Amino acid sequence: MKISNAFFPTLKEIPTEAQIKSHKLMLRAGLIRMLSSGIYSFLPIGYRVLKKVCQIVREEMDTIGGQEFHLPALNPIEIWEETNRVEAFGDTMFHVKNRNYILAPTHEEIICNIAKNNLKSYKELPQIWYQIQTKFRNEPRPRSGVLRGREFTMKDSYSLDCILEGLNKSYDLHSEAYKKIFSRCGLKFFIVGASSGAMGGNNSQEFLVESKEGGEDFAVVCENCNYASNIEIATSNPQKIEREKISKTIEEIFTPNIKTINQLSEFLKTDKSHLAKSVVYKVDEKPVLILMMGNDKLNEEKLKKYLHGEIEKIEDEKLVEIFGADGGSLGPVNLKNVKIIADKRLENLNQLVCGANKNDFHIVNIDLIRDTSIEFYADIRTVEENEPCVNCSSPLKIITAIELGHIFKLGTKYATSMNATVLNEEGKQVPIIMGSYGIGIERIIACFIEQHSDEDGIIWEKKLSPFDVHLISVNTDNQNIMNTAENIYNELKENQVDVIYDNRLNITAGVKFKDADLLGVPIQLIVSERNVKNGNIEIKFRNSGERSILKIEDIKTFILDFIHK
RNA sequence: CGGGGCGUAGCUCAGCCCGGCUAGAGCGCUUGUUUUGGGAGCAAGAAGUCGGAGGUUCGAAUCCUCUCGCCCCGACCA
């Protein structure tokens, strides 16, 4: 490709809309342009990278026996009502205004529909079906360029089995394929156990890339024993508190202007492990009081597992109405008509301090068994940095990360509601057992750039690079230089080398070098007077900045060796 | 959906508080010319309904109301 007649719009300045490195560079290097919030066009250079990523994904999916589909993005809403997911997705799903269609946010229902209509027998299983296509989700807040878009490319695959061992095998195949995909893409990633959220099912793992700037997920990891888990489900071994031998009589005490656990601990000279914080949620419009030890943070994801229905933080104004006190003074003693749940860490403890449901008063010497009617205890706290690991007691780390891929064992949830069954060996109708496995294609690109760039631009590795070689002619008014560069260009093209050739006239060398570094193709070939007169060409490696001189006649061999190495 | 910020030339921004000349700068773009190894010099030029609508005023980029868009934090989110 010759830049003189190509669309390669680079930017010297950083558009204000971009905050994180990958977004800035994708805009500056002419890979993408925004159409609207969370909606991006891939320009020719960016699309080349996207296609390379897709090809790697495709090859690895095909290797594990995957078969590629092309599925409709426009779906009749009825099929989504069968699984009750119109409601589950809520505002996240795009609805077509003048027809009863939706824009598909994912494709379990469509896959399940095809399976139901066409698969009859266990003999036809297992199947792995995948697609690499655009998905639509009305993200309430798109951000970080292509990292969280309303329209984005996703590889999703679905495994179909009718026995559990089959599902396990399909799941493991995907796990291995994903490791290969992300390694081939040159990413440093790690794997954690995760919550399956609105997808349904139980077992699930996420493939994450550490990123302080663009990360939206938090992973809890142990560097000693390799325990790794999304914070949504992570557990730890916090210090255990024992019940004291004697439960003293409860007593209301005056605690003027004490609102927080820190203030209370200071005021009473009491360790936080003897203070219990009360937080209130609304579950199906009814208040639920949740007791946490000290400053422990409630984990909503964990809480959701124990409470059915929508959970939501309660408005401050409602608190006075229900409890007769404000936020900092609530407690579980003498509460009627409010369900109480407590974190496992507090189980059956005594000698505790809680709010008195009366502003500026707390109650001391509470015995949770004697003085409260707690419905149940459960692990609902959020793990904190440096707490001991559940397996090996080493201090845990918390890492901010971007989610690249997620694999789930879905089970029979969709097959059951859509009545997708096959006959098993005994001639019995059994529901198809599904697995679901996603990869965010644009996220691979953005994560790669997050990990591979410097102040001058992107540093592609050859597998994802939009071109193999960036050819630059420096002295454009010298016909000999232009001819030499043109010959190199043609020779490389004839040998299937992808070359981008900066043949622009009347542009200073500096501009060409800056653009080349910004785009970040691994090898730059620089054709200039000073070297051509000796029959030489300069070569610069983008990653190391290293330069060397080659004989013109050796270039082809050198480049081909480099590409195929 | 709550909180905050921003919207002026293709890009980055000044001007707005405190209304008043023909709305500015740098970069980019066009033409000419000189340059040609790290985003060039000189000369000339094109480019804007100041996001949109309404209002106040003799007069609005500037003040008021509404509205649309973008970014950030939170909520939410496979």
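Each chain gets a letter, A, B and so on, in the order the sequences are listed, and its residues count up from 1. Not measured: the values here are computed from a predicted model.
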* **Interatomic distance, A:I402 CD1 vs B:C77 C1' [rounded to whole Å]** => 15 Å
* Asked: Whom does B:C18 pair with, Watson-Crick or G-U wobble, provided both distances fall under 3.5 Å?
  -> none
* Could you check whether A:M154 gets within reach of a base, just the sugar-phosphate, or nothing at all, counting any heavy atom under 4.0 Å? => base
* **Sugar-phosphate, base or nothing in reach of A:S473, heavy atoms under 4.0 Å** => nothing
* When you check the gap from the basic side-chain N to the acidic O, do A:E151 and A:K135 get nearer than 4.0 Å? -> no
Can you pull every protein N or O that's under 3.5 Å from an N or O on nucleotides 12-15 of chain B?
unit_1, atom_1, unit_2, atom_2, d
B:U12, OP1, A:T16, N, 2.8
B:U12, OP1, A:T16, OG1, 3.2
B:U12, O4', A:E13, OE2, 3.4

* To do: Starting at atom CZ of A:R504, determine the distance to atom P of B:G39, rounded to an integer number of angstrom.
  => 14 Å
* Asked: B:A75 P sits how many Å from A:E301 CD, rounded?
  -> 12 Å
* Can you tell me, in whole Å, how much space there is between the P of B:C21 and that of B:U33? => 40 Å
* Give the rounded distance in Å between these two atoms: CD of A:E455 and C1' of B:G39. => 15 Å
* To do: Run the salt-bridge test on A:R150 and A:E139 with the 4.0 Å N-O cut-off and return the result as yes or no.
  => no
* What distance, rounded to whole Å, do you find between the two C1' atoms, one in B:G19 and one in B:G59? -> 8 Å
* Asked: Can you tell me how far C1' in B:A46 sits from the matching atom in B:C29, rounded to whole Å?
  -> 8 Å
* Asked: Can you check ring pair (Phe, Tyr, Trp, His ring centres under 6.0 Å) on A:F69 and A:W129, steps first, answer last?
  -> CA-CA 7 Å; A:F69 281 61; A:W129 295 353; 4.9 Å; yes
* Asked: Given B:C77, B:C76, B:C71, which nucleotide is nearest the side-chain atoms of A:P140?
  -> B:C76
* For B:C63, the Watson-Crick or wobble partner whose two distances fall under 3.5 Å -> B:G55
* In whole Å, what is the span from the NZ atom of A:K24 to the P atom of B:C72? -> 11 Å
* To do: To the nearest Å, give me how far apart NZ (A:K282) and P (B:A75) are.
  => 17 Å
* Structure fact -> As its Watson-Crick or G-U partner within any shown strand, both distances under 3.5 Å, B:G24 has B:C13
* Across all strands, who's sitting opposite B:C29 as a Watson-Crick or G-U wobble pair, both distances under 3.5 Å? -> B:G45
* Asked: In whole Å, what separates the C1' atom of B:C64 from that of B:G45?
  -> 40 Å
* Closer to the 5' end of RNA chain B via nearest nucleotide, is it A:F152 or A:P142? -> A:P142
* Between B:U35 and B:C72, how far apart are the C1' atoms? Round to whole Å, please. => 44 Å
* For nucleotides B:A25 and B:A47, find the distance between their C1' atoms and express it as a whole number of Å. => 15 Å
* Report the distance from atom OH of A:Y40 to atom P of B:C71, rounded to the nearest whole Å. => 6 Å
* **Pair A:K277-A:D296, side-chain contact (heavy atoms from CB on, under 4.5 Å): steps then yes or no** => CA-CA 8 Å; A:K277 178 173 65 173; A:D296 281 5; 5.9 Å; no
* A:R141, nearest nucleotide to its side chain (from B:C77, B:C71, B:C72) -> B:C72
* Rounded distance in Å between the P positions of B:A61 and B:U8 -> 15 Å
* Can you list the steps and then say if A:N113 with A:M418 is a side-chain contact (heavy atoms from CB on, under 4.5 Å)? -> CA-CA 7 Å; A:N113 173 273; A:M418 293 181 70; 4.1 Å; yes
* Hey, are the side chains of A:V499 and A:M1 touching, using non-hydrogen atoms and a 4.5 Å cut-off? -> no
* Asked: In the 5'-to-3' direction, what one-character label does each nucleotide of nucleotides 29-38 of chain B receive under the scheme B = base within less than 4.0 Å of a protein heavy atom, S = sugar-phosphate only, - = no such atom?
  -> ------BBBB
* To do: Determine the interatomic distance between P on B:G28 and the same-named atom on B:U12; round to the nearest Å.
  => 15 Å
* Structure fact -> Minimal heavy-atom distance between A:K302 and A:Y306, with the atoms involved, is O-CD1, 3.2 Å
* Partner nucleotide of B:C50 by Watson-Crick or wobble geometry (both distances under 3.5 Å) -> none
* Plane angle bin for A:F94 and A:F136 - parallel if under 30°, tilted between 30 and 60°, otherwise perpendicular -> perpendicular
* Asked: Looking at the rings of A:H174 and A:Y130, which for Trp means the six-membered one, are their centres under 6.0 Å apart?
  -> no
* **A:K12 side-chain N/O to B:G10 phosphate OP1/OP2 under 4.0 Å** => no
* Does any nucleotide pair with B:C70 by Watson-Crick or G-U wobble geometry, both distances under 3.5 Å, and what is it? -> B:G5
* Record whether the side chain of A:R28 comes under 3.5 Å of the base of B:G39 through a donor-acceptor pair of N or O atoms. => yes
* ring-ring contact (aromatic ring centres under 6.0 Å, His included) with A:F207: which residues, sequence neighbours excluded? -> A:Y178, A:F182
* Asked: Which whole-number value in Å describes the distance from A:L303 CG to B:A75 C1'?
  -> 16 Å
* Asked: So what does A:E216 touch, heavy atoms closer than 4.0 Å: a base, only the sugar-phosphate, or nothing?
  -> nothing
* Under 4.0 Å between a Lys/Arg side-chain N and an Asp/Glu carboxylate O for A:D456 and A:R542? -> no
* Aromatic ring proximity A:F467/A:W460, centre distance under 6.0 Å -> no
